[in-house]
Amino acid sequence: MTTPRSAAPDTGGDRGGTDQSGSDGSELSRRQILVILAGLMAAMFLSSLDQTVVSTAIRTIADDLDGLSAQAWVTTAYLLTSTISTPLYGKLSDIYGRKPFFIVGIVIFVAGSILSSSSTSMYELAAFRGFQGLGAGALMSLSLAILGDILPPRERAKYQGYMLAVFATSSVLGPLIGGFFAATSSILGIAGWRWVFLVNVPIGAIALTMVILTLNVKNVRVQQRVDWAGAAAIIVALVPLLVVAEQGSTWGWGSPIALVCYIVGVLGIGVFVIVEARAGDHALIPLRLFRDRTFTIITIGSVIVGMAMFGGLMTLPLYMQIVHGADPMKSGLMMLPLVVGMMGASIVSGQLISKTGYIRGYPIAGTAIAAVGLFLLSTIDAHTSLWLVMAYMFIMGIGLGNCMQPLTLIIQNTARPQEIGVATAAATFFRQLGGTAGVAVFLSILFSRVGGAIRDQLEIAEKNGSLARGIQEGLADPSLRQDKEAYSILEALADPGGGAAAGALEAATKDSAVINRLPAAVAYPFEQGYALSMSSIYLVAGILAVIATVVLFFLPRIVLRTTSPQADAARAAAAAAASSTHPEAAEVAANSAPVVADGPQTPDVGGAADPSGAGGATTTSSSPPDPAR
């Protein structure tokens, strides 16, 4: 790989193209980049695979530990610690370097996995998953930050596509692995579900070894203090809000405990803003970043995209399992069209961005395409062909593949070289917040609608006589007598009193797996009720995607740097060293980094266009900040 160069003279001397080691701050060779990338991908695979494996097996885990009612706390604990620790890792890595905290993150994650495998109750598992989340907060954000350190934004687009492909691959493998362990009673004398966590140990060992051996990139230490007050304030702000987002449907959104969480969360946000304003450049998330129009628009867009993406994605496996009778492993394979769409679009868009320099249009087009896919999914019901559903998923995947990595890339491009970690962590942080809110809102929509939708379908089936025939068929089936749950539902539905029917409805919504064991005529009203409730989720998610498209449309003209932050930092250091004896040479060295506009144009050597965004064109210079700053 040859990094694009400006035609302007470089007083810093020839940096040697692809033959330099990069240890002096110059651009790395393609071989060095691929070696580092392998270690980063291993760590990202560890994190993303764990989430899908655990979510697939959590039902079996809860049954074994007799803690179905506490299932949500296992998810909440992990989500809380991973989300809150993300910006802290970004700030610490900017100050002390990426590698130490990346290693710490992997070690904590693996240790949390081992502890989780030894859990004897769901509350104990929740505590261990919370500890594991402290490590997870480093893996995804620091992987992207490290990539941002070593590659120019224009070249980075190609490689981020491969990293997103890791996430997509784990989305398919996770249900397969989780389903296998959940269905296996014992492996080597250890309960099958415990291997859901133990499988992280060998993967983590490989990732740790690769990171230690390959991640040898020089870091320029930033002289700042750690914003511990900001970290404390963000904990106070987010813990109650995330807890109520996860538990609100159980507690009641207007219950006293929910109201307390709202009040504490809002006060915490106010304190966080005050603390960050006083901290200035030392802040965990510097508020001046939001003065940049591009950063603000991308942040708002990321929150909305996170809501639409996570809110829509989390119900697709449920639809496959309930309506099409797929087990967790098969439902993972049925998600393949979505994954193929994401991977293909991400890789193609990355190559095109790197080749042409255009980037602004990709997140706009991506969210629009995702909206189309979601609106198509909003038309599905229990009759919809599986192949048609997969086609809609493929369209949605194309949209997500075109918007996810460009959003991160633009955020990194707007940041100063010494703030790549903070900017990347902030982007990840806000996307996770959006995803958390989306999951909470959409689950609330699903469970508030599904009961009424099933009752309506049961009434229709009762009027046309199909329900009575199905009940009679099921009660006469000797094999169903052995299935206590399914048989009790049939008996309850056969009770003309109606009270027992309500109990049957509650049983079917608590354990949806029993629906697939009912006679087809009885199962259909439940399947159709779930399908119609999920279609309303996709409709809301599609509207959110449209809103994200409108927000991102206001993005200014984007300029992608053609030098890496590592090279920019080295140039700034050289300029600072030369300033005392050769001021003119220092000025040339500090201002000779090229920039490439969003579209073909002559490289602008020595500066950027109007950074204020006047006239609707905002550009980001690749030149490092003035050494005096």
Side-chain angles (χ1 to χ4, degrees), residues 41 44-45 48-49 51-52 157-176 301-302 304-320 324 326 330-354 358-359 361-380 384-409 431 434-435 438 442 534-535 537-539 541-546 548-549 552:
M41 291 173 68
M44 288 186 67
F45 183 74
S48 57
L49 181 68
Q51 296 182 51
T52 52
K158 294 189 296 187
Y159 295 96
Q160 282 190 343
Y162 295 113
M163 299 187 79
L164 184 60
V166 171
F167 172 78
T169 302
S170 68
S171 299
V172 175
L173 292 180
L176 298 177
S302 295
I304 301 173
V305 169
M307 292 180 67
M309 181 182 73
F310 288 107
L313 287 180
M314 62 94 183
T315 56
L316 282 172
L318 192 62
Y319 171 83
M320 298 300 182
H324 291 281
K330 288 182 180 178
S331 67
L333 291 175
M334 290 177 178
M335 297 287 287
L336 193 59
L338 175 73
V339 173
V340 170
M342 288 180 62
M343 290 176 61
S346 176
I347 293 173
V348 171
S349 65
Q351 296 291 334
L352 291 175
I353 290 170
S354 179
Y358 287 104
I359 189 172
Y362 286 94
I364 298 173
T367 50
I369 295 172
V372 172
L374 287 165
F375 284 138
L376 290 172
L377 284 171
S378 71
T379 65
I380 64 176
T384 307
S385 166
L386 179 60
W387 293 106
L388 192 58
V389 176
M390 288 181 172
Y392 297 162
M393 291 165 57
F394 179 72
I395 295 172
M396 180 182 171
I398 292 175
L400 293 177
N402 274 300
C403 71
M404 294 306 296
Q405 63 140 344
L407 291 176
T408 301
L409 186 59
R431 186 166 61 246
F442 290 140
M534 292 177 193
S535 67
I537 287 178
Y538 303 133
L539 178 62
I543 294 172
L544 287 173
V546 170
T549 304
L552 294 174

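We use all heavy atoms of the structure for the numbers below, so side chains are in, but hydrogens, waters and symmetry mates are not. Residue numbers start at 1 and run along the sequence shown. Everything quoted here is computed from the prediction, not taken from an experiment.
Looking at heavy atoms from C-beta onward, Met334 lies in side-chain contact with Leu386 at the 4.5 angstrom threshold. Between Pro406 and Ile353 there is a side-chain heavy-atom pair separated by less than 4.5 Å. Two residues are said to be in side-chain contact when any heavy atoms from C-beta on lie closer than 4.5 Å; Leu338 and Phe394 fail this criterion. Residues Met404 and Thr408 fail the side-chain proximity criterion, which asks for heavy atoms closer than 4.5 Å. Looking at Ile543 and Leu374, their side chains never come closer than 4.5 Å, going by heavy atoms from C-beta outward. Side-chain contact between Leu336 and Met390 is absent, with no heavy atoms from C-beta onward closer than 4.5 Å. Using a 4.5 Å heavy-atom cutoff, the side chains of Met393 and Met320 are in contact.
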Can you give each donor-acceptor pair under 3.5 Å made by side-chain atoms of residues 363-372, sequence neighbours left out, with the distance rounded to 0.1 Å?
| residue | atom | partner | partner atom | Å |
| --- | --- | --- | --- | --- |
| Thr367 | OG1 | Pro363 | O | 3.0 |
| Thr367 | OG1 | Ile364 | O | 3.0 |
| Thr367 | OG1 | Thr549 | OG1 | 2.8 |

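Contact detail for Tyr362 and Leu352: the closest heavy-atom pair is OH-CB, 3.2 Å. Leu377 and Tyr538 get closest at one heavy-atom pair: O-CD1, 3.5 Å. In this structure, Val546 and Phe375 approach most closely via the heavy-atom pair CG2-CE1, 3.7 Å.
Between the side chain of Thr379 and the main chain of Leu376, a donor-acceptor pair closer than 3.5 Å is present. Checking side-chain atoms of Ser349 against main-chain N and O of Ala345 turns up a donor-acceptor pair under 3.5 Å.
The distance from atom CG of Leu400 to atom CD of Gln405, rounded to the nearest 0.5 Å, is 12.5 Å.
Remark: Ser302 pairs with no residue by the side-chain hydrogen bond (donor to acceptor under 3.5 Å, both in side chains) rule, at least two apart or across chains. Applying the ring-ring contact (aromatic ring centres under 6.0 Å, His included) rule to Tyr319 yields the partners His324; only residues at least two apart in sequence or on another chain are considered.
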